[in-house]
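See below for the structure under consideration.
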Number of protein chains: 2
Amino acid sequence: MKEVLPQFNSAVSIDCVLFGFDGGELKILLIERNEEPFKDWWALPGNLIDEDESVDQSASRILHELTGLSDVYMEQYYTFGEVGRHPQGRVISVAYYAMLRLGGDKALKPLTTYAKKAQWINVRELPKLGFDHQHIFDKGLEKIKRRIKHLPIAFELLPEKFTLTQVQNVYELILGKKLDKRNFRKKILSFGVLKELDEKQKGVSFRAATLYKFDKRKYAKLFGKEISF
Amino acid sequence: MKEVLPQFNSAVSIDCVLFGFDGGELKILLIERNEEPFKDWWALPGNLIDEDESVDQSASRILHELTGLSDVYMEQYYTFGEVGRHPQGRVISVAYYAMLRLGGDKALKPLTTYAKKAQWINVRELPKLGFDHQHIFDKGLEKIKRRIKHLPIAFELLPEKFTLTQVQNVYELILGKKLDKRNFRKKILSFGVLKELDEKQKGVSFRAATLYKFDKRKYAKLFGKEISF
DNA sequence: AATATAGTGTGTATTAATTACACTAAGTAA
DNA sequence: TTACTTAGTGTAATTAATACACACTATATT
């Protein structure tokens with residue numbers, strides 16, 4: 001019986017849908033490519049995996065290279081493996097999404113060498129994307145629409161301290177519809193993972209809202225028992 | 001600017017969690033390996049993809065080779081990419097599940113050459129599995145627990161004509177808990193995707209139950225509008 | 001000081017969905 | 001005919017989801 005070593009039969013890459021919220025709009029990070037194929041096109045940030053790292057590690061590394069960020073909640077959601085999806089050869093891509101706070105203290109520092117630039121772009125005004133990246137994005141948005149109803153991923157988009165109105169904005173942007181303020185507040189508070197702070201919003205020219213923060217300890221206690229919208 | 005073709009950087013395989021229901025037990029198909037590594041161990045059926053097929057096509061092909069079946073509802077659910085998961089090299093595995101009827105007219109004809117045998121095994125009595133296949137199975141079971149609540153995948157496990165008690169058995173086995181008969185029937189019928197037949201169960205030594213079938217036409221109409229438990 | 005502005009913050013009634021719960025009916029076998 | 005086994009059914013109680021409107025408060029403006 002001969003022993004057959006597994007032969008490499010594909011290139012494997014990671015593509016990331018990085019969601020960001022800047023206080024008003026839901027955005028994703030796109031790069032403008034500087035290489036063929038799809039030179040000068042916009043595309044999702046991504047790269048080939050290294051042979052000595054897991055796909056999760058690879059996703060973290062690539063995110064880090066693209067943004068300078070580490071320790072970000074990041075989740076695999078689908079693997080795209082159509083034969084013709086990369087015009088120059090067989091590339092299977094494992095897609096991840098991440099949720100990032102924008103405009104905070106630490107700015108994002110893309111270290112992309114293969115891109116002319118990286119830019120946060122409103123998800124409602126996406127340009128034409130290279131490869132099958134529109135499809136990858138669509139699937140990603142669909143995923144988080146579901147997941148946001150059960151998991152506390154929305155808070156990843158917000159600054160450490162936030163108002164309930166901000167949380168509602170995030171939900172409305174992701175779900176693509178308006179929600180009733182009273183019902184929303186009732187529900188989001190009923191999950192018991194928000195801690196009301198003894199502190200108010202500042203710098204607004206109207207009544208300042210109470211600030212809250214996401215309480216990881218309480219969430220850990222409820223883990224398993226899922227949040228549900 | 002040099003143009004870089006994507007280099008192959010991994011072997012990619014498919015692993016399948018094939019669920020089957022024989023009237024009493026929830027089972028999955030396992031093979032007993034006849035090759036190193038994990039010779040003589042049980043493992044999930046799977047194989048390397050071909051370079052000229054999509055991962056979905058690959059999954060269908062592999063399922064066909066293992067069971068002789070085609071046109072089976074099959075869905076990708078996760079990609080496993082730990083570095084050390086295959087002892088002989090870098091193999092990334094895309095996992096799929098499928099739901100099959102067992103014991104029907106057409107028996108399954110595994111055409112596995114790399115396995116000593118293939119066998120349906122009760123999910124509550126799984127042997128020790130090679131590779132990270134226990135983990136792949138666990139994740140798969142978790143997935144279908146969720147999906148069975150929203151999608152009509154459970155009917156794929158049943159014969160064309162079935163009783164409501166059989167449907168309930170399938171749900172109880174997958175969810176791992178007892179359900180109330182009256183509430184279950186109320187709910188499953190309220191989805192409106194079952195058609196009551198003018199026919200009764202046969203060959204039982206007690207009151208025969210009414211047979212139903214899954215109505216694909218009605219389901220198609222409701223498509224998009226999701227079923228929910 | 002008065003006023004306009006803009007977002008904050010709250011409660012209740014209605015409806016729908018979920019849960020809990022127990023007996024009778026029908027068929028088969030002895 | 002009786003005993004046995006599973007099929008089949010309804011209602012009340014609870015909980016969750018929805019719909020809906022106005023008063024409060026901080027600031028900016030005049």
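Proteins get letters first, then strands, A, B, ... in listed order; numbering begins at 1 in each. A quick note: this is a predicted structure, and the numbers were derived from the prediction, not measured.
Nearest-nucleotide mapping onto DNA chain C: of B:R207 and A:S205, the residue sitting toward the 5' end is A:S205. The residue among A:D180 and A:F206 whose nearest nucleotide of DNA chain D is located toward the 5' end is A:D180.
Distance B:K187 NZ to C:dA16 P: 15 Å, rounded to the nearest Å. Rounded to whole Å, the distance from CZ on B:R182 to C1' on C:dT24 is 12 Å. To the nearest angstrom, C1' of C:dT10 lies 13 Å from CD of A:E196. The CD atom of A:Q201 sits 11 Å away from the P atom of D:dT27 (whole-angstrom rounding). In this entry the distance linking CG of A:L164 with C1' of C:dT10 reads 12 Å, nearest Å. In this entry the distance linking CZ of B:F184 with P of C:dA20 reads 16 Å, nearest Å. Distance NZ (A:K181) to P (D:dC24): 15 Å, rounded to an integer number of Å. Put simply, CZ on B:R185 is 20 Å from C1' on C:dA17, counting in whole angstrom units.
With salt bridges taken as basic N to acidic carboxylate O contacts below 4.0 Å, one links A:R61 and A:E65.
Across D:dA19, D:dG10, D:dA7, the shortest atom-to-atom separation from the side chain of B:N183 is found for D:dG10.
Here A:T210 does not reach the OP1 or OP2 of C:dT8: none of its side-chain N or O atoms lies under 4.0 Å away. Taking 4.0 angstrom as the limit, A:K200 places none of its side-chain polar atoms (N or O) nearer than this to OP1 or OP2 of D:dA26.
Aromatic ring centres of B:F21 and B:F19: separated by at least 6.0 Å.
Classified by interplanar angle (parallel below 30°, tilted 30° to 60°, perpendicular above 60°), the ring pair A:H135/A:F80 is perpendicular.
For B:R124, the CZ atom sits in a packed shell: over 12 heavy atoms of surrounding residues, nucleotides or ligands are nearer than 6.0 Å.
Here A:K186 lies in heavy-atom contact (under 4.0 Å) with a base.
At least one donor-acceptor pair under 3.5 Å links the side chain of B:H133 to the backbone N or O of B:L44.
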